[in-house]
S.K.: 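Provided herewith is a single structure, encoded as structure tokens, for subsequent inquiry.
No hydrogens, no waters, no symmetry mates; every other heavy atom, side chains included, goes into these values. Since the model is a prediction, treat every value here as computed from it, not as a measurement.
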Amino acid sequence: LIIVARQPAAARSFDADAGGLSKRVYRWAEHTGELELRIDAPTEEAVFAEALTAFAELVADDGSADAEREEVEIEAHDRETLLAEWLNELVYLADARAFVPERLTELRLEGTRLRATLRGHRGEPRPLVKAVTLHGLSHEGDDELGWHARVVLDV
Amino acid sequence: MSEARRIGDALWEIPASARPGMRVPARVFADDELFEAIARDGSLEQIENVATLPGIVDAALAMPDAHQGYGFPVGGVAAMELPDGVVSPGGVGYDINCGVRLLALPLAEGELGRRREPLVHEISRAVPAGAGKTQGRGGRVAEIDAVLRNGPREFASDEDIERTESGGCLPGADAAAVSERARERGDGQLGTMGSGNHFVEVQRVERVLDEPAATAFGLREDQVTVLIHSGSRGLGHQVCTDYVKRMDAAMQRHGIELPDRQLACAPASSPEGRAYLAAMAAAANFAWANRQAIADLVRGAIARVLGKPVAKGTGQVYDVAHNVAKAETYGGRRLLVHRKGATRAFPAGSDEIPEPYRAVGQPVFIPGSMGTASYVLAGEPGSMELSFGTTCHGAGRTLSRTGARKQIAGGDVRRQLEERGIVVRCPSNKGLAEEAPFAYKDVHRVVDVVARAGLARPVARLTPLGVVKG
């Protein structure tokens, strides 16, 4: 897994198995009607990677191949909206293209723009997540103290 | 919560003075126990937030099945004065026109006998959840456009159309207001159930509680019925996503400040408001077509298991929307009524009700949790005075999905239901655990509250024979 930081000068890459990304840093908080995703991660990029891992848990089917590739390019007016848009892209890929994500091969953040390459397979993603809401949406932090995000998914 | 006071037998009020920004009071239909559950999970704060929306009249309302949602609580109702009051896509929800349709078979449970399990099995084979692109009805662009404009009128019988809220077609639908991405998501999804709390349930009329209304609805004790719960699938979800985004970006221009971004809204008369209402109507029509397609698939399954005459005699009682915004008139005022997890419940005499039901009131269906009872109600005059012609829509969750999963395994839910003689078809044990009956409020209590408040009266109680879930 290659993670490219948003500032080229601070570009860094690390292996998911050796670095912090393999550590499970997302959880589902209590929400009566929907699913509330909370992410704590060491870097901003890791928040997006964790969001993918959490989403993959929800839509996983019996398949495990990663023969298919999807590319995502999005832009938003602020950081938290970018996170919601990222998850919205994953919802769209699952619903319209039957894409079950397996892993991230590239993630590039530049301000509030994101480019990512995903590997996965065409399958039967569980049609659970309807949409990504803006309710209580947050994504803030820094690389010293860590990043924290909250997103409520309509299910 | 401390500001809430009881103002009626089953009605509570939080005054507009409780919080800065509230334009009207917030009212909750509940008894003590339901009010406590509603107050516990943040729903009161959400209904107070709704009370801040520009153009809202009288009060922001929560039904007794209300629970925490996003923006509006689920079970929330708000009426905005037209033309300049706001429309909020989040106040309708992502699953535009999620709703329920009840079919009545010309058959008693005793006549079903051993064919019950094969029937449930055949329905589960016939109605896909909608995962992937291999299932569901084909989606030629021309077909989708026609459905967006006309709903199930494209392929349903006149009898079914007559027994569908708004005749299955909201006025003002504009297919051009629906994005390409929404169409892509809807492609192939007509006739699919979806996941989460959606289901097709085979039931028996356990008890008739109002003989004249039950007779008008074509229901009698021991009769077999099928209740279908689904919505506008990916198409509607994307319409809401598109317009929440568009309105979120336009809030500053309209000079609207909100306590929650998900309440993003715009005056109904603005370009954004008009475009959303046109797209929402199209998505609502798609949802009615989806439930029609599911009903057709169910009738096909009935024909294969019980024979063609039974399928032919399977009538539609009615179809109601749970998530929609509609222009209606109350006290001479033209209002846009947002129902988010709530059901229209017009009383006897309304010309919006099919002629055969006009003397008894509009049918309303209240699904209980999986494995418990569901109710058929009829709209009462109190709904026009107190709740913009609205009643509740279900039992309402009381426990989160994760909370439910912590308490029970899906396999145990399956076993418990089967021990009670209920046939279960669900591909996901996790999904079954999330929908465990104890995760919901007591449906009997919810129905008791709307009856006491005079919003709707019980007509029949239905109990499950088999459940198919996505």
Side-chain angles (χ1 to χ4, degrees), chain A residues 26-38 54 57-63 74-78 80-82 84-85 87-100 120-138 150-155, chain B residues 37 40-43 46 67-71 73-74 90 93-95 129-135 181 184-187 189 192-198 231 233-234 236-238 240-241 244-245 248-249 260-264 341 396-403 427-428 430-431 434 439 470:
Chain A
Y26 74 85
R27 65 193 164 88
W28 302 107
E30 284 299 305
H31 188 290
T32 315
E34 314 300 343
L35 283 176
E36 182 176 321
L37 174 63
R38 298 277 183 98
E57 176 202 319
L58 297 179
V59 297
D61 62 5
D62 294 335
I74 46 170
E75 189 170 5
H77 59 81
D78 58 34
E80 57 263 30
T81 309
L82 187 69
E85 287 295 308
L87 283 159
N88 265 327
E89 288 297 310
L90 301 178
V91 171
Y92 164 74
L93 290 174
D95 206 25
R97 300 195 194 166
F99 182 72
V100 182
H121 62 272
R122 310 276 166 216
E124 298 199 339
R126 188 180 173 209
L128 179 68
V129 182
K130 295 172 181 169
V132 183
T133 80
L134 301 181
H135 174 63
L137 177 67
S138 66
R150 173 180 186 237
V151 193
V152 174
L153 307 176
D154 182 18
V155 294
Chain B
R40 208 167 35 225
D41 79 354
S43 306
Q46 292 189 334
H67 65 77
Q68 181 188 25
Y70 46 85
V74 175
Y94 287 92
D95 200 353
K133 279 291 158 201
T134 53
Q135 306 178 69
R181 188 166 267 214
E184 273 184 69
R185 287 183 67 180
D187 181 14
Q189 291 191 336
T192 63
M193 197 185 334
S195 191
N197 60 0
H198 292 175
R233 308 287 290 105
H237 310 162
Q238 189 65 40
C240 185
T241 297
V244 167
K245 187 177 171 181
D248 181 55
D260 181 341
R261 267 180 86 185
Q262 183 62 33
L263 292 171
R397 290 195 79 95
T398 186
L399 188 63
S400 70
R401 287 172 165 85
T402 42
S428 160
K430 193 171 160 186
E434 289 170 358

S.K.: Could you tell me which portion of Thr398(B) (side chain, backbone, both or neither) has an atom closer than 4.5 angstrom to a non-hydrogen atom of chain A?
M.R.: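 Contact with chain A: backbone only.
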S.K.: Please report the shortest heavy-atom distance between Arg185(B) and Lys130(A), naming the atom on each side.
M.R.: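 Heavy atoms of Arg185(B) and Lys130(A) come nearest at NH2-O, 3.2 Å.
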S.K.: About how many Å separate CG of Asp154(A) and CD of Gln262(B), when rounded to the nearest 0.5 Å?
M.R.: 8.5 Å
S.K.: Given heavy-atom pairs under 4.5 angstrom as the criterion, report whether the side chain, backbone, both or neither of Ala84(A) touches chain B.
M.R.: neither
S.K.: Are any side-chain N or O atoms of Arg261(B) and backbone N or O atoms of Gly136(A), one a donor and one an acceptor, separated by less than 3.5 Å?
M.R.: no
S.K.: Is the shortest side-chain N to carboxylate O distance from Arg397(B) to Glu34(A) below 4.0 Å?
M.R.: no
S.K.: side-chain contact (heavy atoms from CB on, under 4.5 Å) between Thr32(A) and Arg40(B): does it pass, once the steps are laid out?
M.R.: CA-CA 10 Å; Thr32(A) 315; Arg40(B) 208 167 35 225; over 6 Å; no
S.K.: Side chain, backbone, both or neither: which part of Val132(A) has an atom under 4.5 Å from a heavy atom of chain B?
M.R.: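 Backbone of Val132(A) only, per the 4.5 Å heavy-atom cut-off to chain B.
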S.K.: To check you understand the geometry: which heavy-atom pair defines the closest contact between Pro127(A) and Ala129(B), and what is its length?
M.R.: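 Result for this residue pair: CG-O, 4.0 Å.
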S.K.: Between Arg401(B), His67(B), Arg181(B), who has the most heavy-atom pairs with chain A when the cutoff is under 4.5 Å?
M.R.: Arg181(B)
S.K.: For Ser400(B) and Glu30(A), work out which heavy atoms get closest and say how close.
M.R.: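 Ser400(B) and Glu30(A) have their closest heavy atoms at OG-OE1, 2.6 Å.
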S.K.: Quick one: of Val244(B), Val74(B), Asp95(B), who has the most non-hydrogen atom pairs under 4.5 Å with chain A?
M.R.: Asp95(B)
S.K.: About how many Å separate CG of Asn88(A) and NZ of Lys245(B), when rounded to the nearest 0.5 Å?
M.R.: 7.5 Å
S.K.: Which heavy atom of Asp248(B) sits nearest a heavy atom of Leu134(A), and at what distance?
M.R.: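 Scanning both residues, the minimum pair turns out to be CG-CD1, 3.8 Å.
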S.K.: I need the minimum non-hydrogen distance between Arg126(A) and Ser195(B), along with the two atoms involved.
M.R.: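 Taking every non-hydrogen atom into account, NE-OG, 3.7 Å.
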S.K.: What is the minimum heavy-atom distance between Tyr70(B) and Thr133(A), and which atoms define it?
M.R.: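 For Tyr70(B) versus Thr133(A), the nearest heavy atoms are CG-CG2, 3.6 Å.
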S.K.: Mind running side-chain contact (heavy atoms from CB on, under 4.5 Å) on Glu36(A) and Thr402(B) for me, showing each step along the way?
M.R.: CA-CA 10 Å; Glu36(A) 182 176 321; Thr402(B) 42; over 6 Å; no
